[in-house]
Protein chains: 2
Amino acid sequence: MKVNFNNRDPVYVQVVRHFKEQIATGTLEPGQEIPSRRELANKLKINPNTAQRAYKEMEEAGLIHTERNLPSKITRDEKVLGAVREELIEQAVDSFVTSIRSINVPLDEIVGLLQDKYQKESKE
Amino acid sequence: MKVNFNNRDPVYVQVVRHFKEQIATGTLEPGQEIPSRRELANKLKINPNTAQRAYKEMEEAGLIHTERNLPSKITRDEKVLGAVREELIEQAVDSFVTSIRSINVPLDEIVGLLQDKYQKESKE
DNA sequence: TAAGGTGTATTACTCGATTGATACATATTT
DNA sequence: AAATATGTATCAATCGAGTAATACACCTTA
């Protein structure tokens with residue numbers, strides 16, 4: 001468990017994003033248990049309330065379930081789980097298309113740039 | 001002159017972005033005069049200081065030049081002008097690649113989505 | 001000369017999101 | 001029963017970006 005925090009976005013947003021990525025890539029599986037609020041807070045060196053806020057968002061989005069004091073679990077709802085990946089992708093594509101179109105960049109040029117950068121520079 | 005403001009980003013950032021887009025697409029030409037701070041503020045219904053801040057950013061970036069009280073002008077420095085387009089594109093591509101890669105989306109799938117959306121939905 | 005436009009600097013305020021402190025009920029465990 | 005861990009709710013504090021108020025020097029022009 002490791003999250004590369006940036007200084008722009010709120011911590012709780014980045015935590016949610018991180019879980020969504022884990023779900024989208026299958027690293028987190030349906031029904032899998034996740035750390036408690038306080039445990040997560042310890043690992044990530046963040047305030048427990050911040051962890052709670054992230055979990056609350058995910059709970060409301062139906063991504064996780066919590067019963068009493070038992071460990072929260074990733075939902076088994078395939079529909080919800082599938083939508084996570086689609087949502088992340090659509091969001092990225094939409095925002096990208098908006099940016100690019102306002103500069104009138106030909107599609108060919110874009111695809112070329114993407115191919116260059118996609119596999120490359122996985123490092124840093 | 002019309003800027004579609006959103007509620008996320010600071011106004012002065014959006015103003016700068018707007019000018020950069022105009023430059024990148026050639027709508028604003030080298031040496032062309034731009035409105036005074038107060039005039040722009042009137043048109044866009046924003047505070048004159050906000051306009052000033054946007055112009056200051058552009059001045060520091062070398063995008064515009066200001067002499068005394070004369071109307072500010074778009075720079076004639078071709079190097080700077082060309083870099084604007086490249087910067088906008090690179091920024092968009094980088095951010096997109098980062099998003100997409102963390103979800104492990106195959107490049108083929110991406111290109112398909114892009115082709116669908118790029119020409120489409122110019123409306124809304 | 002007076003008036004009105006310009007760019008610019010300094011300062012203050014606002015305002016809201018984000019984070020943190022604290023408390024409470026429940027459940028489990030020892 | 002006591003202790004500890006859990007989820008949750010409420011409230012307070014912070015804190016900094018963004019915006020605004022104001023003033024000043026300059027120039028042009030009427």
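These figures come from a predicted structure and were not determined experimentally. Chain A is the first sequence line, chain B the second, and so forth, proteins listed ahead of strands; every chain is numbered from 1. When reading the values below, keep in mind they use all heavy atoms of this one structure, side chains included, and skip hydrogens, waters and symmetry mates.
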Query raised in the report: Would you call the rings of F19(A) and Y55(A) parallel, tilted or perpendicular if under 30° counts as parallel and over 60° as perpendicular?
Result: perpendicular
Query raised in the report: To the nearest angstrom, how far is E57(B) atom CD from dT19(D) atom P?
Result: 11 Å
**Report entry** Atom-pair distance (OH on Y12(B); C1' on dT19(D)), nearest Å
**Finding:** 11 Å
Requested in this report: On DNA chain C, reading 5' to 3', which nucleotide is the first and which the last to sit with an atom under 4.0 Å from a heavy atom of chain B, could you check?
Outcome: dG5(C) to dA9(C)
Query raised in the report: Would you find a donor on one side and an acceptor on the other, under 3.5 Å apart, between the side chain of N6(B) and the backbone of D9(B)?
Result: yes
Query raised in the report: Under the side-chain contact (heavy atoms from CB on, under 4.5 Å) test, which residues partner D108(B), sequence neighbours left out?
Result: none
Report summary line: Those residues at least two apart in sequence (or on a different chain) that pass side-chain contact (heavy atoms from CB on, under 4.5 Å) with T27(A) are Q22(A), T25(A)
Query - Check ion pair E67(B)-K73(B) (N to O, under 4.0 angstrom) - result: no
Query raised in the report: In residues 30-45 of chain A, what residues come within less than 4.0 Å of DNA chain D, judged by heavy atoms?
Result: S36(A), R37(A), R38(A)
Requested in this report: Assign a letter to each nucleotide of nucleotides 25-30 of chain D from its 5' end: B, base within under 4.0 Å of a protein heavy atom; S, sugar-phosphate only; -, no contact.
Outcome: -BS---
Report task. Kindly say whether Y118(B) contributes a backbone atom to a donor-acceptor pair with the side chain of R101(A) at under 3.5 angstrom? Result -> yes
Grab the N/O contacts between the protein and nucleotides 9-15 of chain D below 3.5 Å, and write none if there aren't any.
| unit_1 | atom_1 | unit_2 | atom_2 | d |
| --- | --- | --- | --- | --- |
| dA9(D) | N6 | N49(A) | OD1 | 3.4 |

Query - Donor-acceptor under 3.5 Å (E59(B) side chain, T66(B) main chain) - result: yes
Query raised in the report: What residue among Q32(B), E33(B), R37(B) forms side-chain hydrogen bond (donor to acceptor under 3.5 Å, both in side chains) with S72(B)?
Result: R37(B)
